[in-house]
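Input: a single structure, listed below in structure tokens.
For this chain, numbers begin at 1 and follow the sequence in order. All values below were derived from every heavy atom in this structure, side-chain atoms included, with hydrogens, water molecules and symmetry-related copies excluded.
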Amino acid sequence: MDRRQAGTNLAGLRDHNTALVLRLLRAAAAATATGEGDESGDAAGSGLGTGSSRVQLAAETGLTPQAISKITARLLDEGLIVETGRAESTGGKPRTLLAVRPEAAYTVGVELDRRHSTILLMDLAGQRRRRESLMFGLASGTPERVAAGLAERVQDLVRTAPGGGRVLGVGIGCRGPLDYETGVLHRPAGLPGWDGYPLCDVITGLLDLPTAASPTVLLDKDTNTAALAAPAPGPGNTAYLHLADGLGAGLQLNGAIYRGTRTNAGEFGHQVIQPDGPVCTCGSRGCLEALCLAALAADDPGTAARWLGLGAANLVRLLDIDRILLGGHQIFAAPEVYLSAVAEQIAEHLPDPAWQEVRVSLTPAGADAVAVGAARLALDTALDAPVS
């Protein structure tokens, strides 16, 4: 089953144009909530923003005013958008402003790591409404036990959803390797019991969410969902590097997530840097992940940061990356150490750093980037947005 085609549209979203209008109103709400146009901000106020008029929507979509009127009438009837007032008059009748109603619908984003998990409830405007952090992850028991526990906590969080909004989907960001299209894990390093486990199908079968007819469950690499949480500001190539219980990369090339032929791109941590180095959980020696984790086990984040920087420099030279984002709980434990070391290693290993400028920064989505991006993946899929 191709998970990219498994999105469940809302009852009122009968065509692409309706979904497009709703996405534009969501983007306007997210820009107002965060001040930066992304969907990483916490809930602040109503989230309605100033809204957009039907004339604005027609101009942005290229649809006729009549088509926009029909679409917005349908969305108003569904309770997904509301009228928020009127724009200032420019000489004629003031235009009515429309905005999404945040509490009308929700998605759930999950970060599932080896030893801990984060679950977020995100509303239709892209605001975080509820958050739960668990000392519970892939290594906490059998896959069946972990899946059952995760489904139970998701349901508990959904019950707290303000306004009784429907739940559109659940996105899970998890360490790989995994198959994004089928929702199956494939031999994740150090976790042999998870090999071939159909996590999406199992979670779907365990969930009982009365607020949704058939919520979509999607599984993607944690690095990919984190990259989705911080869309590139323009053209170019971005690498998101995630150092937590493991090490991986999410690649956003020319504005789209690159997953590869088997949806397994981004195994950044398993490039062999030191052939006679420490044994990695994948079975090889001297993997970049093993070197970083060995340094961290010795309470030496500076060395871990330099290893990470060397790997980042290799990635920049291989793919002509021009933007590096850093995230994961190990990074956020010593952010300045990693920012400095990664930038220094990249500059040292590039033949012409002035010509091949690379920006290095923390992910603007913060420590919850994986869960934020997983919720966004579920929401975009439910609204039939193209997810590449």
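Across Leu76 and Val82, no two heavy atoms sit closer than the pair CD2-CA, 3.9 Å. The two residues Ala290 and Val279 come nearest to each other via the heavy atoms CB-O, 4.1 Å. Heavy atoms only, all atoms of each residue included: Ala304 and Tyr338 are closest at CB-OH, 3.8 Å. When every heavy atom of Ala312 is checked against every heavy atom of Val342, the shortest pair comes out as CB-CG1, 4.0 Å. Contact between Pro177 and Pro188 at its shortest, heavy atoms only, is CD-CA, 3.7 Å. When every heavy atom of His270 is checked against every heavy atom of Glu289, the shortest pair comes out as NE2-OE1, 3.7 Å.
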Apply side-chain contact (heavy atoms from CB on, under 4.5 Å) to Leu112 and Leu199, showing your working.
-> CA-CA 11 Å; Leu112 180 61; Leu199 185 59; 4.0 Å; yes
Can Arg175 and Asp222 be said to form a salt bridge (charged side-chain N to carboxylate O under 4.0 Å, His left out), step by step?
-> CA-CA 6 Å; Arg175 65 182 301 156; Asp222 48 11; over 6 Å; no
Arg128 vs Leu121, side-chain contact (heavy atoms from CB on, under 4.5 Å): CA-CA, chis, key distance, verdict = CA-CA 6 Å; Arg128 301 175 226 182; Leu121 183 71; over 6 Å; no
Hey, mind stepping through Glu78 and Arg166 against salt bridge (charged side-chain N to carboxylate O under 4.0 Å, His left out) and telling me if it holds?
-> CA-CA 11 Å; Glu78 284 281 322; Arg166 70 200 85 181; 3.5 Å; yes
Test log, rule side-chain contact (heavy atoms from CB on, under 4.5 Å), inputs Arg26 and Asp380 | CA-CA 11 Å; Arg26 282 184 52 239; Asp380 284 348; 3.7 Å; yes
Can you check side-chain contact (heavy atoms from CB on, under 4.5 Å) on Leu138 and Trp194, steps first, answer last?
-> CA-CA 8 Å; Leu138 292 166; Trp194 285 90; 3.5 Å; yes
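Looking only at atom types and distance, the side chain of Thr18 has a donor-acceptor partner in the side chain of Arg74 under 3.5 Å away. Residues Asp208 and Gln155 bring no donor and acceptor atom of their side chains to less than 3.5 Å of each other. With no hydrogens or angles considered, no side-chain donor-acceptor pair links Thr142 and Arg145 at under 3.5 Å. Judged purely by distance below 3.5 Å, without hydrogens or angles, the side chains of Glu336 and Ser340 never pair a donor atom with an acceptor atom.
In this structure, CD in Glu111 is found 5.0 Å from NE2 in His242, a value given to the nearest 0.5 Å. The NE2 atom of His349 sits 12.0 Å away from the CD atom of Glu344 when rounded to the nearest 0.5 Å. We find the CD-CD1 distance between Gln252 and Ile321 to be 10.0 Å, quoted to the nearest 0.5 Å. How far CD1 of Ile119 is from OG of Ser133: 9.5 Å, rounded to the nearest 0.5 Å. How far OG of Ser140 is from CG of Leu134: 9.5 Å, rounded to the nearest 0.5 Å.
The closest side-chain heavy-atom distance from Val100 to Leu80 is not below 4.5 Å.
Listed by first and then second residue, the ring pair (Phe, Tyr, Trp, His ring centres under 6.0 Å) pairs involving residues 273-316 amount to none (not counting sequence neighbours).
Residues passing the side chain to side chain contact (heavy atoms under 4.5 Å, CB included) test with Asp220, sequence neighbours excluded: Tyr180, Asn224, Thr225, Arg259, Leu377. Under the side chain to side chain donor-acceptor pair (under 3.5 Å) criterion, Arg153 pairs with Glu132, not counting sequence neighbours. With sequence neighbours excluded, the residues satisfying side chain to side chain contact (heavy atoms under 4.5 Å, CB included) with Phe332 are Leu362, Thr363, Ala367. Remark: Arg115 pairs with Asp245 by the side chain to side chain contact (heavy atoms under 4.5 Å, CB included) rule, at least two apart or across chains.
Within 6.0 Å of CG on Asp77 lie more than 12 heavy atoms contributed by other residues, nucleotides or ligands.
The backbone N or O of Thr303 sits less than 3.5 Å from a side-chain atom of Asp300, completing a donor-acceptor pair.
Think of Leu325 as one node in a network of Ile, Leu, Val, Met, Phe, Trp and Tyr side chains linked at under 4.5 Å; its network also takes in Tyr240.
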